[in-house]
Amino acid sequence: QVQLVESGGGLVQAGGSLRLACTASGNIFSINDMGWFRQAPGKQRELVVTISEAGSTNYLDSVKGRFTGSRDNAKNTLYLQMNSLKPEDTATYYCHADVTLYRGMNHYDSLDNWGQGTQVTVSS
């Protein structure tokens, strides 16, 4: 069982900042690849950033220089620092993770896990 819970969304004016967090819980041995996605009404879900186990990142072009993804493995938490927010950033943001679980001495992969989403609204 893997649970992903996002937090930190809200309403902010253009140019402001928000910090999203995603915390994973369960019998977690390791969190492998993680990422943030977002989806605006009537649009396809798009990848915002991926973060590897080593912390390397790959960003959507439109957020480069404004958003910073990071992870704290000790806390099983993924972060997204969003600065210089624009109205076009308005969307529901979803956490995604591939996780290895443990039960006794056994390890199991749990792939394609999603959080419930957190709403980010940027006013002009």
Are more than 12 heavy atoms, taken from residues, nucleotides or ligands other than Tyr59, located less than 6.0 Å from that residue's OH atom?
yes

Could you tell me whether Lys64 atom NZ has more than 12 heavy atoms of other residues or ligands within 6.0 Å of it?
yes

So does Ile31 get a backbone contact from the side chain of Arg71, meaning a donor-acceptor N/O pair under 3.5 Å?
yes

Mark yes or no for whether Ser84, through its side chain, and Gly15, through its backbone, hold a donor-acceptor pair below 3.5 Å.
no

Could you go through Lys86 and Arg66, starting from their C-alpha distance and side-chain angles, then the distance that decides it, and tell me whether this counts as side-chain contact (heavy atoms from CB on, under 4.5 Å)?
CA-CA 10 Å; Lys86 304 175 181 179; Arg66 300 188 299 119; 3.9 Å; yes

Which distance, rounded to the nearest 0.5 Å, do you find between the [atom1] of [X] and the [atom2] of [Y]?
{"X": "Gln3", "Y": "Ser25", "atom1": "CD", "atom2": "OG", "value": "4.0 Å"}
{"X": "Cys22", "Y": "Glu6", "atom1": "SG", "atom2": "CD", "value": "5.0 Å"}
{"X": "Thr23", "Y": "Asn76", "atom1": "OG1", "atom2": "CG", "value": "8.0 Å"}
{"X": "Leu18", "Y": "Leu85", "atom1": "CG", "atom2": "CG", "value": "5.5 Å"}

Honestly curious: do [X] and [Y] fall in one hydrophobic cluster under the side-chain, below-4.5 Å linking rule?
{"X": "Ile28", "Y": "Leu4", "answer": "yes"}
{"X": "Ile51", "Y": "Phe29", "answer": "no"}
{"X": "Phe37", "Y": "Val2", "answer": "no"}

Shortest non-hydrogen contact between [X] and [Y], atoms and distance:
{"X": "Leu101", "Y": "Ser110", "value": "CD1-CB, 4.1 Å"}
{"X": "Val99", "Y": "Ser30", "value": "CG1-O, 3.5 Å"}
{"X": "Ser62", "Y": "Glu88", "value": "CB-OE2, 4.5 Å"}
{"X": "Ser17", "Y": "Asn83", "value": "OG-OD1, 2.9 Å"}
{"X": "Tyr79", "Y": "Trp36", "value": "O-NE1, 3.3 Å"}
{"X": "Val63", "Y": "Val48", "value": "CG2-O, 4.0 Å"}

Can [X] and [Y] be counted as having a side-chain donor-acceptor contact under 3.5 angstrom?
{"X": "Thr90", "Y": "Thr121", "result": "no"}
{"X": "Gln119", "Y": "Thr92", "result": "yes"}
{"X": "Thr100", "Y": "Asn32", "result": "yes"}
{"X": "Gln39", "Y": "Gln44", "result": "no"}

Decide yes or no for Phe67 and Gln81: does some side-chain heavy atom of the first lie under 4.5 Å from some side-chain heavy atom of the second?
no

Mind checking whether Asn27 and Arg103 have side chains closer than 4.5 Å, heavy atoms only?
no

Both conditions, 6.0 Å and 45 degrees, for the charged tip of Arg38 above the ring of Tyr94: are they met here?
no

Between Trp114 and Arg45, is there a cation-pi geometry (under 6.0 Å to ring centre, at most 45° from the normal)?
yes

Show your reasoning for whether side-chain hydrogen bond (donor to acceptor under 3.5 Å, both in side chains) applies to His96 and Asn113.
CA-CA 6 Å; His96 177 270; Asn113 300 285; over 6 Å; no

Let's go through His107 and Tyr102 carefully: what are the C-alpha distance in whole Å and the side-chain angles of both, what is the deciding distance for ring-ring contact (aromatic ring centres under 6.0 Å, His included) to 0.1 Å, and is it a yes or a no?
CA-CA 4 Å; His107 297 162; Tyr102 67 88; 7.3 Å; no

Determine, step by step, whether Asp72 and Thr77 satisfy the side-chain hydrogen bond (donor to acceptor under 3.5 Å, both in side chains) criterion, reporting the C-alpha distance in whole Å, the side-chain angles of both residues, the deciding distance to 0.1 Å, and the verdict.
CA-CA 5 Å; Asp72 186 336; Thr77 299; over 6 Å; no

Could you go through Thr118 and Leu20, starting from their C-alpha distance and side-chain angles, then the distance that decides it, and tell me whether this counts as side-chain contact (heavy atoms from CB on, under 4.5 Å)?
CA-CA 8 Å; Thr118 185; Leu20 306 184; 4.1 Å; yes

Verify side-chain hydrogen bond (donor to acceptor under 3.5 Å, both in side chains) between Asp33 and Thr50, making sure each step is shown before the conclusion.
CA-CA 7 Å; Asp33 292 336; Thr50 58; over 6 Å; no

